[in-house]
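Structure record follows, encoded as C-alpha cells.
In what follows, every chain begins at residue 1, and chains take the letters A, B, ... in the order their sequences are listed.
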Amino acid sequence: MAFNFSELNDVQQKAVKTTEGPVLILAGAGSGKTRTLTYRIAYLIDEKKVKPSNILAVTFTNKAANEMKERVEKLIEANIQPLWIGTFHSVCARILRREADALGYERNFSIYDVDDQTQALKKVMSSLNISRQLYTPKMLQNRLSRMKNKYLYPQNYLEAEGDEEMREILPDIYNYYQRVLKESNALDFDDLLIKPIELFNRKPEILKKYADKFKYVLIDEYQDINHAQYLFVKKLAEEHKNICVVGDEDQSIYGWRGADITNILNFNQDFPDAEIFKLEENYRSHNNILQAANSVVKNNEDRMGKQLWTQLEAGSKIIVYENDDEMSEAKKVVETIHDEMYTKKRSFNDIAILYRTNVQSRVIEDELRRNAITYNVVGGIKFYDRKEIKDLLAYLRVIVNPADTVSLKRIVNFPLRGIGETTVNRIEKFAEEDEISLFDAMGRVDEIQKISAAMGNRVIEFYNLITQFIKLKDKLDPTELASSLASEAGLINHYKTEYDQYEAESRVANIQELINSIGEFIERADETNIEANLASFLEEVSLLTDVDQWNDRANAVTLMTLHAAKGLEFPVVYITGLEMGLIPLQRNSADLKELEEERRLLYVGMTRAEQNLYLSYTNRRRRQGAFKHTTPSLFLDEIPVEYLDVRSKDTSQYKPRKNRKNARRKKIEDYFENGSSQDDADQMYKVGQPVYHETFGKGEIINLEGNGDKMKITVHFEDEDLVKKLIKKYANLSPVES
DNA sequence: CAGCTGTATCTTTTT
DNA sequence: GATACAGCTG
C-alpha cells in the first residue's frame, strides 16, 4: 500500500474503508473531510482495484477538484486522468457535450450566463408584449432560475408557487425562452443541471450507460445541493447505491439559490441502510475560536446536532473591535495586519479579510493600497466580466457556434460598423420568417428589401469576416486564431484609440492575457484528457467559480465574501461588518430560515480561522450615500464573553457584560419587525402629509400604492409644480410640520 | 446611425 | 453613488 492510514483517525478510516453501499459522512468544519475524501478515492483505486473511469467525484469548486486530483495522484503514484471530478455544472456540461444529439442540440452549444439570459429574456419580453414597467428581465430570469433549480416546469410550478400575475404569463415566457435558447444552440447554467435529468428520464439506455460507468459516486458539500442536483445524483446512484456524500448542515449557506438542507437531513430515507459517520474532531482552529463558533451555531433549530471538539490549545481570545464607521474599520484592519506581521511574523497570505457583501471591499481596498499592502480580491468584478474580455469571448463564441444569437448581437456593431438596431431588427425579422438563424440571414441580407445596398454591404463585410474565421477555426491554432481575430475585428484598434492611455494599455493587456490563457488551456488540455479546442476553453471559462480565479500562492492578503470562503482556511481571519442589517443581512422579508442561514454564514466565516480571529462592527456605516446608524450583530451576543477580548469604548452601545440575553431578544424582534412591511416611520406615509425631498423641495403626498419598501408614493412638489411618483425605499422623504 | 444627457433603478450571497 | 437605459439631437 502506497499510502499511510496513520494519517487518519478511527472514524475517518472507517469512512474510507466502507466502500460499498450508501455512506453519509457528517463532517464538521476542519474535521479533515477533504483528506477523508481523498483517501477514499485513493483506497478505491489502489486497494479495491476500482478503475478510475468508474468513479465520479463532485466538488464545490474546480479548484478543489484539481487539488483533490493532485493529492490522490501523489498518494498512490498513479495517473488517474480517466477519473471524472469537477463541479456539478462542469460534470453535467461534459455529459451534455457527449449526448447533445439525443437532446436535439449540437455539441458546440454555448453556455449562457446571467447576463446572456437577461439579453435573451429581453427578446422574449418584446415578442410576447410583456410590460417592462411591471417586470424586468432580471426578475424573470430569477423566477426561471428558481423554477429550474427545483426541477419544476411551468405546469407544476403554478401549484407550488401561486403568484397571481406570474401565473398567467410565466408558462409562455418559459416556453418561448427555451425556444430562443434552443434556436441559439445555447443552454443556461440551470439547463446544465436539468437537461441531464430530462435525458435520463427520456432515454433509459443513456442513464444506464452512465450509471454503469459511475459505479462509485462521491459528492462533497452535500448540504448545498439543490433539488435538480439531488435528482441527478439519485438517478445515477439508485441502482448500485455506492454513493458517498459528505456535508455539514451547519455550513449550508446557499438556500437562496435553491440549496435544500433537507437533502442531507433525509439522506438515510433516500438510501435506507446508509452508514453514517460523524467527523467531530476539529484539526484546524484553536479551542477559543471553535467554542465561540459552536456557541453561535447551536442557536439554530434546523440541525442534527453534533459537538465539535479539538485537542488544540485554547489560543488567543477573539478580538472584537468597535469602530466609528467603515473608514476606521478599514484602518483597524490595516493596523491588525501590521501587528500580525511584526509580532507574529505572519506574511500577507496568512491573512483573510471577510465581509458579507462585495461592496464592502472598496473601502478596505483603498486603505490597503494606501499602506502598500498587496491584496487579492476573490469575486467582485472578475477578469472574465470585464467588457473587453466579454467582447472577445463573444467573438469566439460566434466562431464556435454561429447560432449563438445573444453573442452575435453583442458583436455585430462592436466596434462600430454602422449596423444599428433597426437594421439588426430587420434582419432578425427576415430570419424568423424564413426560419433560419440570424447569422445565416446576414449572409442573405441582399434579399431584404428594407435594407439599402450600402447598408447591406456593411452587413456582408461583417458576415464575411466571421465566415472567414469559421473556416480558419480547424486549421489555425486557437491562440493564433484569437489573436488575429482580435486585431482583424478591430478590437485592438478600438481599445487603443477610444480610451485614455492608461485605460487603453490595461484593456489591450487584458485581451493579451486572455489570448495567453487560451494557450495555457490548450497545453493543459493535452495533458489531461480534455479536448484541446476552443469550445472546451469557452466552456471552462463559463463555468469558472470565483475561487477558481484566485491565485492562493501569491503573497497577498485575501479579501472575499463569507460565501466564497467556504472550504478554505487561514491562520488569521478578520470578519468585518458584524452589525444588524449586514450580518444578518436585512431583507424586505425576514423569516427564521433566513436568520438561521445568516448564522451559519458567520459560523462558516469563524471556522476558517486557525489561530487568530478578529470580529469588527461599526457604529455607523455609509449605505447608498448616506450614513446610517448601526447596532452590533445579535450573533455577537451569542458568544460567551470568556472567549472574547472586546476592545470597545466605554460609551459603546455594545456592553457584553450587561443583559446580553435581553439585548439579543430585542434585536431578533427588530430584525423580524423591520423585515415586514410595517415600521414606525410608515406612519408618516399618508395622503395629505407634507414632506421634504432633497432635490425637489417641499411637497405633499397625494397618493399611495402598494406597501412595504416598494410602496409607490405620489407627491406634488410646490416649488416647481411637479407631480412625481417615488418608490419609498429610494425616495428619502422626510416629514414636515404643517 | 451615433453620441450625448438626463433619469430611473438599484445593492445579497453565485454556478 | 454608480450604472444602465431611454430619449433626443446632429
Side-chain angles (χ1 to χ4, degrees), chain A residues 58-62 86-93 111-115 117-118 122 132-133 136-139 141-142 145 148-149 187-193 221 224-226 228-229 252-259 354-360 362 378-382 384-385 387 413-425 452 454-455 458 498 539-549 560-566 577 581-589 594 597-598 600-602 604-605 621-626 695 709-710 712 724-727 729-731:
Chain A
V58 181
T59 56
F60 207 66
T61 65
N62 296 294
T87 62
F88 270 104
H89 287 85
S90 62
V91 166
C92 288
I111 296 171
Y112 278 4
D113 65 11
V114 177
D115 237 51
Q117 292 174 49
T118 308
K122 279 184 194 163
R132 282 273 177 100
Q133 317 295 110
T136 64
K138 194 87 214 39
M139 268 163 73
Q141 185 271 323
N142 232 314
S145 182
K148 289 179 177 182
N149 282 327
L187 297 167
D188 66 27
F189 280 145
D190 309 308
D191 287 337
L192 293 179
L193 304 176
E221 308 282 8
D224 276 326
I225 72 169
N226 62 36
Q229 290 164 329
S252 165
I253 55 175
Y254 282 95
W256 52 273
R257 70 170 199 212
L354 309 181
Y355 37 78
R356 178 65 237 267
T357 62
N358 281 305
V359 274
Q360 289 170 255
R362 273 258 302 272
V378 178
I381 301 143
K382 297 152 227 168
Y384 291 99
D385 277 346
K387 185 182 178 314
N413 202 26
F414 187 86
L416 294 175
R417 301 188 169 87
I419 307 171
E421 210 189 315
T422 326
T423 307
V424 175
N425 284 339
S452 71
M455 181 61 73
R458 296 183 195 163
E498 287 287 294
E539 175 180 313
E540 182 180 85
V541 167
S542 305
L543 300 181
L544 238 30
T545 69
D546 284 344
V547 174
D548 295 336
Q549 301 171 55
M560 61 182 138
T561 61
L562 289 162
H563 281 90
K566 188 168 79 161
L582 212 48
I583 307 175
L585 195 80
Q586 188 76 61
R587 304 162 168 79
N588 28 9
S589 71
E594 284 173 345
E597 183 155 312
E598 296 289 316
R600 290 193 291 268
L601 193 53
L602 178 62
V604 167
R621 184 181 291 273
R622 202 184 260 275
R623 281 178 99 177
Q624 311 152 221
T695 32
D709 281 345
K710 284 177 191 154
K712 292 189 178 74
K724 281 259 160 199
K725 200 182 257 190
L726 304 157
I727 293 179
K729 195 173 167 191
Y730 308 105

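Within the nucleic acid shown, A/S542 has no heavy atom closer than 4.0 Å to any nucleic acid atom. Nucleic acid contact class of A/L416 (heavy atoms, under 4.0 Å, all strands): sugar-phosphate only. Residue contacts for A/E597: at a heavy-atom cut-off of 4.0 Å it reaches no nucleic acid atom on any strand shown. Among the protein residues, A/S90 comes within range of no part of the nucleic acid, since none of its heavy atoms lies under 4.0 Å from any strand. At a threshold of 4.0 angstrom between heavy atoms, the contacts of A/K138 with the nucleic acid are absent. A/M455 comes within 4.0 angstrom of sugar-phosphate atoms only, judged by non-hydrogen atoms across all strands, and of no base.
Contact annotation: A/K566 side-chain N/O to B/dT14 OP1/OP2 distance is not under 4.0 Å. Contact between the side-chain N/O atoms of A/N413 and the OP1/OP2 oxygens of B/dA2 is found at a separation under 4.0 Å. Side-chain N/O atoms of A/N358 include one lying less than 4.0 angstrom from OP1 or OP2 on B/dT13. Between B/dT14 and A/T545, no contact under 4.0 Å exists linking OP1 or OP2 to a side-chain N or O.
Without hydrogens or angle criteria, A/Q229 side chain to A/F88 main chain gives no donor-acceptor distance under 3.5 Å.
Atom CE of A/M455 is separated from atom OG1 of A/T423 by 3.5 Å, given to the nearest 0.5 angstrom.
Atom CD in A/Q586 sits roughly 17 Å away from atom P in B/dT11 (whole-Å rounding). Atom CD in A/Q141 sits roughly 14 Å away from atom P in B/dT12 (whole-Å rounding). B/dT13 atom C1' lies 8 Å from atom CD1 of A/I253, rounded to whole Å. Put simply, CG on A/N226 is 16 Å from P on B/dT14, counting in whole angstrom units. Between A/Y254 atom OH and B/dT12 atom C1' there is a gap of 12 Å when expressed in whole angstrom units. Rounded to whole Å, atom P of C/dG1 lies 17 Å from atom CZ of A/R621. Between the CE atom of A/M560 and the P atom of B/dT14 there is a distance of 11 Å, rounded to whole Å. Taking atom CD on A/E221 and atom P on B/dT14, their separation rounds to 15 Å, with Å as the unit.
Closest approach to the A/T357 side chain among B/dC1, B/dT15, B/dT13 is made by B/dT13 (side chain taken as heavy atoms from C-beta onward). Taking the side chain of A/T423 as heavy atoms from C-beta on, and the options B/dT15, B/dT13, B/dC1, the nearest nucleotide is B/dC1. For A/L585, whose side chain is taken as the heavy atoms from C-beta onward, the closest listed nucleotide among B/dT12, B/dT13, B/dT15 is B/dT12. When the nucleotides B/dT14, C/dA2, B/dT15 are ranked by their closest atom to the side chain of A/F189, B/dT15 comes out on top.
With hydrogens and angles left out, the side-chain atoms of A/S542 and A/E539 include no donor and acceptor closer than 3.5 Å. In this structure, a donor-acceptor pair under 3.5 Å is present between the side chains of A/T545 and A/D548.
With sequence neighbours excluded, no residue forms a side chain to side chain donor-acceptor pair (under 3.5 Å) with A/R362. Residues passing the ring pair (Phe, Tyr, Trp, His ring centres under 6.0 Å) test with A/Y254 are A/F60, A/W256, A/H563, sequence neighbours excluded.
Along DNA chain B, the nucleotide nearest A/E421 and the nucleotide nearest A/Q117 are compared for position; the residue whose nucleotide lies closer to the 5' end is A/E421. Residues A/T561 and A/M139 both approach DNA chain B. Their nearest nucleotides, taken by heavy-atom distance, put A/M139 toward the 5′ side.
A 4.5 Å side-chain heavy-atom check between A/F189 and A/I111 finds at least one atom pair inside the cut-off.
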**Message:** Taking Watson-Crick (N1-N3 plus N6-O4 or O6-N4) and G-U wobble (N1-O2, O6-N3), each under 3.5 Å, can you produce the dot-bracket string of DNA chain C? Use [ ] for crossing pairs and | for inter-strand ones.
**Reply:** ||||||||||

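Taking every heavy atom of both residues into account, A/A565 and A/L354 meet most closely at CB-CD2, 3.9 Å.
The pair A/D188-A/K148 meets the salt-bridge criterion, with a side-chain N (NZ, NE, NH1 or NH2) lying under 4.0 Å from an Asp/Glu carboxylate O.
Remark: the A/W256 side chain and the B/dT13 base include a donor-acceptor N/O pair separated by less than 3.5 Å.
If you take atom C1' in B/dT13 and the same atom in C/dA4, they sit 22 Å apart, rounded to whole Å.
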